2 protein chains.
Amino acid sequence: METAPSRLRGKASWLINKTSLHAHRLITEGLSPIDARGYHFAILAALEEYGPASQASLSQRCGIDRSDTVAMVNELADQQLVVRAPDPDDRRRNVITMTPEGRRRLDQLDAVLGEVQRDLLAPLSPADRERLVELLGRVLDHHTSSSR
Amino acid sequence: METAPSRLRGKASWLINKTSLHAHRLITEGLSPIDARGYHFAILAALEEYGPASQASLSQRCGIDRSDTVAMVNELADQQLVVRAPDPDDRRRNVITMTPEGRRRLDQLDAVLGEVQRDLLAPLSPADRERLVELLGRVLDHHTSSSR
DNA sequence: CGGGAATCGTGGGTAGCGCCAACGGATTGG
DNA sequence: CCAATCCGTTGGCGCTACCCACGATTCCCG
């Protein structure tokens with residue numbers, strides 16, 4: 001196999017993009033057999049951590065576009081993992097609530113994604129994995145706080 | 001600002017995907033004003049490091065699909081940064097050669113992308129940036145060697 | 001209290017990226 | 001010499017992340 005140019009290998013943006021592709025592939029491979037996708041996990045996780053919420057706050061918390069959130073909530077509602085009801089206090093809003101099935105589904109997705117993390121970070125020691133997560137978290141915090 | 005669910009923040013795949021998006025945004029913002037794109041840099045870098053090459057070896061080295069390489073070489077050739085000529089030794093192949101303008105362009109793109117790296121990794125110390133690049137490099141090596 | 005600004009859900013559309021299928025021309029290997 | 005392979009090229013697909021526009025609702029302020 002021919003090696004990648006060292007100028008590329010040294011660019012963090014290149015490494016991140018390529019790694020992101022691998023991660024994305026692993027995720028869809030792991031999730032599509034059980035008819036799920038990454039966004040489902042994000043939304044369920046937000047519901048579990050913060051309780052019932054409007055679609056707007058879900059999309060803001062998960063970094064998903066409002067339009068796309070509609071589709072995700074549709075899918076989750078179709079699978080009875082979530083209930084969408086108009087908010088009596090503010091009739092512009094929908095209140096999205098996780099069902100018990102949704103709660104179970106969240107655990108299932110978390111297990112699958114945990115497996116994916118292990119595959120993805122296979123060559124790294126536990127300490128190195130933590131270090132990577134910490135570094136990326138710092139980068140992400142910086143960019144999401146400065147842009148908002 | 002509402003915080004992302006901790007279940008998401010702990011997943012390396014999520015952090016990587018989000019960071020990749022920021023990187024991608026910074027890159028296109030930096031490159032589109034000068035009518036360039038990330039792939040251009042990749043191909044020029046490969047040509048500089050390994051000399052004239054066929055499109056097939058370029059796409060393999062850069063991890064770009066053969067189809068997309070055609071378009072990229074078209075764009076680079078339109079801008080006189082690269083010359084495409086049939087290979088007399090193997091008439092299936094084209095030999096792609098970087099022009100002096102291409103060489104200069106490579107330096108320009110490298111400068112812009114260097115700036116992007118600085119913006120992207122702004123919150124990290126030089127040592128941390130190196131660490132991040134090293135960790136991602138290990139991950140990437142593992143996945144590209146095991147799949148090929 | 002009234003009306004303009006902002007918010008929410010929703011539908012529609014767009015652009016780029018990564019990928020695959022297929023083909024004709026050329027070369028290689030058995 | 002025939003089959004398998006390689007190379008460049010075209011065309012198309014699916015997904016993701018966006019953006020805009022719209023009606024309905026609520027908020028804010030004069």
Side-chain angles (χ1 to χ4, degrees), chain A residues 2 13-14 16-29 31-32 36-43 52-77 82 84-96 144 147, chain B residues 2 13-14 16-29 31-32 35-43 52-77 82 84-96 143-144 147:
Chain A
E2 327 212 16
S13 56
W14 180 264
I16 290 173
N17 278 326
K18 282 290 181 206
T19 310
S20 171
L21 281 184
H22 283 286
H24 187 267
R25 206 169 45 83
L26 289 174
I27 288 177
T28 55
E29 275 175 11
L31 253 37
S32 65
R37 56 177 88 229
Y39 279 170
H40 293 182
F41 173 75
I43 290 181
S54 71
Q55 298 180 193
S57 83
L58 284 179
S59 53
Q60 188 188 356
R61 272 200 262 256
C62 300
I64 303 177
D65 191 86
R66 292 210 318 274
S67 313
D68 304 321
T69 305
V70 176
M72 293 308 109
V73 172
N74 285 343
E75 294 180 6
L76 292 172
V82 132
R84 168 158 40 194
D87 185 342
D89 297 340
D90 185 343
R91 304 213 310 279
R92 294 172 300 182
R93 297 181 185 172
N94 288 335
V95 179
I96 312 301
T144 52
S147 72
Chain B
E2 327 212 18
S13 57
W14 179 265
I16 289 173
N17 278 327
K18 282 289 181 208
T19 311
S20 170
L21 280 183
H22 283 287
H24 188 267
R25 209 168 44 82
L26 290 174
I27 287 177
T28 54
E29 277 175 7
L31 253 36
S32 65
D35 206 46
R37 57 178 89 228
Y39 278 170
H40 293 181
F41 173 75
I43 291 181
S54 72
Q55 297 180 196
S57 83
L58 284 178
S59 54
Q60 189 187 355
R61 272 199 262 257
C62 300
I64 305 176
D65 191 86
R66 294 210 317 274
S67 315
D68 303 319
T69 305
V70 175
M72 293 307 110
V73 172
N74 285 342
E75 294 180 6
L76 291 172
V82 132
R84 169 158 41 194
D87 185 341
D89 296 341
D90 185 341
R91 303 214 310 278
R92 293 173 300 183
R93 296 182 185 168
N94 289 335
V95 179
I96 313 300
H143 287 281
T144 51
S147 71

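Everything quoted here is computed from the prediction, not taken from an experiment. Reminder, nothing fancy here: chain letters follow the sequence lines and each chain counts from 1.
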J.: Is there a side-chain contact between B/Ile43 and B/Ile64 in this structure, where contact means two heavy atoms from C-beta onward sitting under 4.5 Å apart?
T.: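 Yes; the side chains approach each other to less than 4.5 Å.
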J.: With sequence neighbours left out, which residue pairs that include part of residues 62-71 of chain A fulfil the salt bridge (charged side-chain N to carboxylate O under 4.0 Å, His left out) condition?
T.: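 Salt bridge (charged side-chain N to carboxylate O under 4.0 Å, His left out) check on residues 62-71 of chain A returns no pairs.
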J.: Roughly how far apart are B/Ser54 OG and B/Arg92 CZ, rounded to 0.5 Å?
T.: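 If we round to the nearest 0.5 Å, B/Ser54:OG and B/Arg92:CZ are 10.0 Å apart.
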J.: Does D/dC7 have OP1 or OP2 sitting under 4.0 Å from an N or O in the side chain of B/Arg93?
T.: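 Indeed, a polar side-chain atom of B/Arg93 lies that close.
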J.: Starting from C1' on D/dT9, measure out to CG on B/Leu58 and report it in whole angstrom.
T.: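 Going from CG in B/Leu58 over to C1' in D/dT9 covers 16 Å.
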J.: Counting just side-chain N and O atoms, does A/Arg84 come under 4.0 Å of either OP1 or OP2 of C/dT10?
T.: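 Answer is yes, contact under 4.0 Å.
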J.: Given atom CD of B/Gln60 and atom P of C/dC19, what is their separation to the nearest angstrom?
T.: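 Rounded to the whole Å, the gap is 14 Å.
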J.: Please give, in whole Å, the distance from D/dC15 P to A/Ile64 CD1?
T.: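 Distance check: A/Ile64 CD1 to D/dC15 P gives 16 Å.
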J.: In Å and rounded to the nearest 0.5 Å, what is the OG1 to CG distance from B/Thr19 to A/Asn17?
T.: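 B/Thr19 atom OG1 to A/Asn17 atom CG measures 10.0 Å (nearest 0.5 Å).
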J.: Does the protein touch nucleotides 24-30 of chain C at the base, only the backbone, or not at all? Give it as B, S and - per nucleotide, heavy atoms under 4.0 Å.
T.: -BBS---
J.: Using a 4.5 Å cut-off on heavy atoms from C-beta on, say whether the side chain of A/Ile27 contacts that of B/Ser13.
T.: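 When only atoms from C-beta onward are counted, A/Ile27 and B/Ser13 do touch, with a gap below 4.5 Å.
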J.: Say you draw a straight line from NE2 of B/His143 to CG of A/Leu21; how long is it, rounded to the nearest 0.5 Å?
T.: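 Reported to 0.5 Å precision, the distance equals 12.0 Å.
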J.: If you compare every side-chain N and O of A/Asn94 against the phosphate oxygens of C/dT10 (OP1, OP2), does one of them come in below 4.0 Å?
T.: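 Affirmative; the distance criterion is met.
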J.: Does B/Asn17 make a side-chain N or O approach to OP1 or OP2 of D/dT16 shorter than 4.0 Å?
T.: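 For B/Asn17, the contact criterion (side-chain N or O under 4.0 Å from OP1 or OP2 of D/dT16) is not met.
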J.: Using side-chain heavy atoms (C-beta onward) and a distance below 4.5 Å, is A/Thr144 in contact with B/His22?
T.: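 Yes, side chains in contact.
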J.: To the nearest 0.5 Å, what is the distance between OG1 on B/Thr69 and CD on B/Gln60?
T.: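 One finds 11.0 Å between OG1 of B/Thr69 and CD of B/Gln60.
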J.: In Å and rounded to the nearest 0.5 Å, what is the NZ to CD1 distance from A/Lys18 to B/Ile16?
T.: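 The distance works out to 14.5 Å.
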J.: Would you indicate, yes or no, if D/dT9 has its OP1 or OP2 atom less than 4.0 angstrom from a side-chain nitrogen or oxygen of B/Gln55?
T.: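 Affirmative; the distance criterion is met.
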J.: What protein N or O atoms touch nucleotides 12-17 of chain C N or O atoms at under 3.5 angstrom, if any, and at what distances?
T.:
unit_1 : atom_1 : unit_2  : atom_2 : d
C/dC17 : OP2    : B/Arg37 : NH1    : 3.4

